[in-house]
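This report refers to the structure that appears directly beneath it.
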Amino acid sequence: MHLLSTRPGGHVEDGGQGVVRVSQTPGDIVVLTVADTTLSLLADAVAALPPDFPTVRLANLMWLRQPASMDMYVDDVLRHARVVVIDHLGSPADWAYVVEQATSLARRHGQWLALFSGEQQEDPQLLLRGTAAVADSRCLWQCLREGGRDNARTFFDLIAHRALGLGPLPAPPQPMPPVVRYRPARPLPWLAQAPVALLLFYRAHAQSGNTAVFDAQMAALHAAGVNPLALALDSLKSPASLATVQALAAEHAVDAVLNATSFAVGAMGDDGADGVDAPLLAGDAPVLQLITAGCAREQWQADPHGLQPRDLAMQVVLPEVDGRIGTRAISFKGLAWRCERSQVDVVRYQPEADRVAFVAELARRWCALRRTPPADLRLALVLANYPNDDARLGNGVGLDTPASVVGILRALQAEGCATGELPAHGDALMARLIEGVTHKLDANDHRPVGQSLSMADYLVDFGALAPERQAEVNALWGTPDQDPMLRSGRFMVPGLRVGRVFVGLQPARGRDLDLVATYHDADLVPPHNYLAFYFWLRRVWRTDALVHVGKHGNLEWLPGKSVALGAGCWPDAILGPLPHLYPFIVNDPGEGSQAKRRTQAVIIDHLMP
């Protein structure tokens with residue numbers, strides 16, 4: 001264990017292993033909460049209090065996870081306070097030691113202690129554990145749950161009157177609308193005939209001024225040619241809020257939803273029972289799940305996992321229950337300002353520009369899929385080739401992949417996609433595929449090439465990668481001109497064009513190695529021909545969407561973070577912000593989740609044979 005003397009504000013995601021000494025002097029009123037939005041709101045209110053108002057200290061409960069941290073805070077700050085308020089978020093066990101010490105201290109020292117839930121739902125048991133009157137604790141709870149500057153001032157005025165005998169009794173907290181139409185600081189002109197995306201985030205962010213990331217996301221959508229609408233709401237589980245979302249989406253014919261609220265609206269069933277389906281937010285419009293990370297940018301950069309367990313659960317795993325499309329972390333917590341009066345560092349979301357742009361482009365492409373006439377779409381169906389042998393083309397676990405591809409092509413044709421003449425059946429498809437080059441290198445010499453990528457185009461895209469990524473590839477596989485998939489200075493792209501649909505064969509992750517053993521290798525960087533395959537799909541074929549057919553390909557196993565990928569992570573660098581669909585066997589959600597979280601895949605489960 002280590003001892004860290006620091007200032008409160010945001011929190012350090014250290015897995016609860018560190019002992020933190022909060023560097024504060026004693027104050028008359030101490031408020032503890034886990035929510036940075038609440039700290040931000042209260043810090044603004046403290047800064048506006050009269051100069052003769054009792055002294056206030058604000059601190060994040062996350063600093064007090066270790067009992068030793070709480071013990072030191074009791075000695076340094078809490079035992080000197082006249083008033084202690086705990087805004088308790090989580091289960092009773094989460095802050096058991098904090099509550100135990102605070103209640104014991106309050107009774108020994110005659111402190112005015114108010115405890116209440118940090119949730120929208122009142123917790124009667126917590127209200128009873130304080131020394132303050134239940135009605136007063138409930139009023140403080142309402143002030144914070146309703147939010148807004150006026151209610152924050154009421155929060156302190158009530159404490160002053162009830163606990164310290166100062167000032168008149170304030171008016172009750174004022175209810176705030178559960179949903180507020182949010183407009184960014186810089187107005188964005190409406191784009192005629194452009195698609196519309198609806199951005200959803202918690203009302204608490206708007207009330208505390210924590211909106212820079214949402215302003216940035218709206219600006220990026222607008223720059224991408226998408227009209228952004230935004231709603232700040234209390235919860236999607238609120239029927240009134242949900243109805244408002246659905247009404248606004250219908251009024252503006254929303255093409256995509258970008259959701260920055262956490263958890264799930266639906267629920268999975270237990271022991272075979274039916275679950276609760278998540279309601280549709282905007283009809284059949286796709287819902288993209290945004291990640292507003294609870295850690296600092298430096299922590300995310302250094303963490304190979306990408307997110308801490310709390311963010312992973314609330315912003316990735318649970319939203320998957322509702323079928324939302326995973327995206328990227330668009331912000332990280334950072335210091336906004338320091339409130340000297342309450343001795344707290346105010347932490348707010350700071351936008352990550354390239355991740356914001358990634359999400360905006362992904363949303364634009366999903367909007368385009370809805371709006372583009374089927375006959376004008378360009379699509380790509382990619383078959384796994386595990387390992388690289390012609391006898392293993394289209395290998396999908398529990399799936400007749402060739403027959404499925406033909407079935408998909410027929411369905412696309414029926415919807416109006418330009419597919420031309422289709423293979424009669426799966427065997428005919430496979431026969432046509434192996435007439436051309438494949439990834440079986442020793443059989444390619446006399447096979448024709450249907451499509452290829454010039455070295456000049458390849459070098460442009462390769463040069464756009466981070467220099468360290470380029471160096472990794474060259475160090476392991478040599479320079480591009482040494483790749484065995486080159487013919488006449490061009491990278492061969494195995495596959496078959498069926499009208500405006502390309503059926504391609506996914507490359508191996510390497511050569512002259514155990515292809516089976518390295519299929520899931522988390523450190524093996526891809527060779528040049530692997531990059532060229534996906535560069536061709538994006539640059540030359542200009543695919544509108546990508547479908548990997550059957551469990552499973554290898555793109556989702558390339559090196560990089562486990563979740564909340566950065567631009568330097570290989571799946572992100574290769575696939576980019578493309579809509580991605582993935583028919584996948586239903587009995588392997590673990591590996592399917594890998595594709596969802598690392599390659600923004602929409603998993604389409606199929607049954608076992």
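All of these numbers come straight from a predicted model, not from anything done at the bench. Residues take their numbers from the sequence shown, with the count starting at 1.
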Taking side chain as C-beta onward, heavy atoms only, is Ser40 less than 4.5 Å from Asn210? no

Which value, rounded to the nearest 0.5 Å, describes the distance between Asp123 atom CG and Trp141 atom CH2? 10.0 Å

Should we say atom CZ of Arg149 is surrounded by more than 12 heavy atoms from elsewhere, each under 6.0 Å from it? no

Short side-chain to backbone donor-acceptor contact, Thr244 and Ala240, under 3.5 Å: yes

Answer yes or no: is there a side-chain heavy-atom contact under 4.5 Å between Arg338 and Glu340? yes

Side-chain donor/acceptor of Lys561 to backbone N/O of Gln301, under 3.5 Å: yes

Tell me which pairs pass ring pair (Phe, Tyr, Trp, His ring centres under 6.0 Å) where either residue lies in residues 313-336, with sequence neighbours left out. Trp300-Phe332

Step by step, work out the side chain to side chain contact (heavy atoms under 4.5 Å, CB included) result for Ser262 and Gln315. CA-CA 5 Å; Ser262 303; Gln315 301 194 61; 3.7 Å; yes

Flag the pair Ser117 / His88 as yes when at least one side-chain heavy-atom distance between them is below 4.5 Å, and no otherwise. no

Quick one: closest heavy-atom pair of Val344 and Ala43, and the distance? CG1-CB, 4.2 Å

Please check: side-chain N/O of Arg542 versus main-chain N/O of Arg378, any donor-acceptor pairing under 3.5 Å? no

Using only heavy-atom distances, determine whether the side chains of Gln600 and Arg328 contain a donor-acceptor pair under 3.5 Å. yes

Is there a donor in the side chain of Tyr582 and an acceptor in the side chain of Asp605, or the other way round, less than 3.5 Å apart? no

Is it the case that the side chain of Arg57 and the backbone of Arg341 share a donor-acceptor pair, with hydrogens and angles ignored and the cut-off at 3.5 Å? yes

Start with the C-alpha distance between Arg348 and Asp44, add both sets of side-chain angles, then the distance that settles salt bridge (Lys or Arg N to Asp or Glu O under 4.0 Å), and finish with yes or no. CA-CA 13 Å; Arg348 289 177 177 163; Asp44 283 339; 3.4 Å; yes

Taking every non-hydrogen atom, the tightest pair across Arg153 and Pro50: NH2-CD, 3.8 Å

With a 4.0 Å cut-off on N to O distance, would you call Lys333 and Asp311 a salt bridge? no

Does a donor on one side chain sit under 3.5 Å from an acceptor on the other, for Tyr202 and Thr37? no

Quick one: CG on Leu89 to CE on Met62, what's the gap to the nearest 0.5 Å? 10.0 Å

Please check if any side-chain donor atom of Gln308 sits under 3.5 Å from a side-chain acceptor atom of Asp303, or the reverse. yes

Atom pair CG/OG of Leu127 and Ser137 - distance to nearest 0.5 Å: 6.0 Å

Extract all donor-acceptor atom pairs below 3.5 Å that involve side chains of residues 183-198 and protein atoms in other chains or at least two apart in sequence.
none

Is the shortest side-chain heavy-atom distance between Val563 and Arg598 below 4.5 Å? no

For Ala380 versus Leu537, what's the shortest heavy-atom pair and its separation? CB-CD2, 3.9 Å

Any ion pair linking Asp255 and Arg370 (charged N to carboxylate O, less than 4.0 Å)? yes

State, yes or no, whether a side-chain contact exists between Asn259 and Gln289 at a heavy-atom distance under 4.5 Å. yes

Should the pair Tyr534 and His548 be assigned to parallel (<30°), tilted (30 to 60°) or perpendicular (>60°) ring geometry? tilted

Do NZ/NE/NH1/NH2 and the carboxylate oxygens of Asp544 and Arg365 come within less than 4.0 Å? no

Val85/Phe155 under side chain to side chain contact (heavy atoms under 4.5 Å, CB included): CA gap, chis, key distance, verdict: CA-CA 11 Å; Val85 179; Phe155 178 90; 4.0 Å; yes

Start with the C-alpha distance between Val359 and Leu258, add both sets of side-chain angles, then the distance that settles side chain to side chain contact (heavy atoms under 4.5 Å, CB included), and finish with yes or no. CA-CA 9 Å; Val359 170; Leu258 281 68; 3.8 Å; yes

When you measure from the side chain of Gln207 to the backbone of Glu146, do you find a donor-acceptor pair of N or O atoms at a distance under 3.5 Å? yes

Measure from NZ or CZ of Arg355 to the centre of the six-membered ring of Phe358, then state whether that distance is under 6.0 Å and the direction lies within 45° of the axis. yes

Please determine if Glu320 and Lys596 form a salt bridge, counting it only when a charged side-chain N lies under 4.0 Å from a carboxylate O. no

Would you indicate whether the side-chain heavy atoms of Ile86 and Phe116 approach each other to under 4.5 Å? no

At their closest point, which heavy atom of Leu578 faces which heavy atom of Arg538, and how far apart are they? CD1-CG, 3.9 Å

For Tyr349 and Ala293, which heavy atoms make the closest approach, and how far apart are they? CE2-O, 3.9 Å

Verify, without hydrogens or angle tests, whether Gln24 (side chain) and Leu58 (backbone) share a donor-acceptor contact under 3.5 angstrom. yes

Pairwise side-chain contact, Val257 with Leu288, heavy-atom cut-off 4.5 Å (strictly under): no

Between atom CD of Glu122 and atom CZ of Arg145, what is the distance when rounded to the nearest 0.5 Å? 11.5 Å

Do Val265 and Pro279 touch side chain to side chain, with heavy atoms closer than 4.5 Å? yes

Quick check for you: to the nearest 0.5 Å, what is the distance between Leu555 atom CG and Trp557 atom CH2? 12.0 Å

Any donor and acceptor pair, going by atom type alone, linking the side chain of Thr154 with main-chain N or O of Asp150 inside 3.5 Å? yes

Approximate separation, where rounding is to 0.5 Å, of Thr292 OG1 and Glu352 CD: 13.5 Å

Evaluate the side chain to side chain contact (heavy atoms under 4.5 Å, CB included) criterion for residues Val99 and Leu115: first the C-alpha distance (whole Å), next the side-chain angles of each, then the deciding distance (0.1 Å), finally the verdict. CA-CA 8 Å; Val99 171; Leu115 291 113; 3.9 Å; yes

Looking only at heavy atoms, what is the nearest atom pair of Val226 and Pro228, with distance? O-CD, 3.2 Å

Which of Leu41, Val34, Asp36, Leu42 passes side chain to side chain contact (heavy atoms under 4.5 Å, CB included) with Thr38? Answer is Leu42

Modelled atom types, side-chain donor and acceptor of Ser91 and Asp94, under 3.5 Å: yes

Pair listing, ring pair (Phe, Tyr, Trp, His ring centres under 6.0 Å) test, anchored in residues 207-226, at least two apart: Phe201-Phe214, His205-Phe214

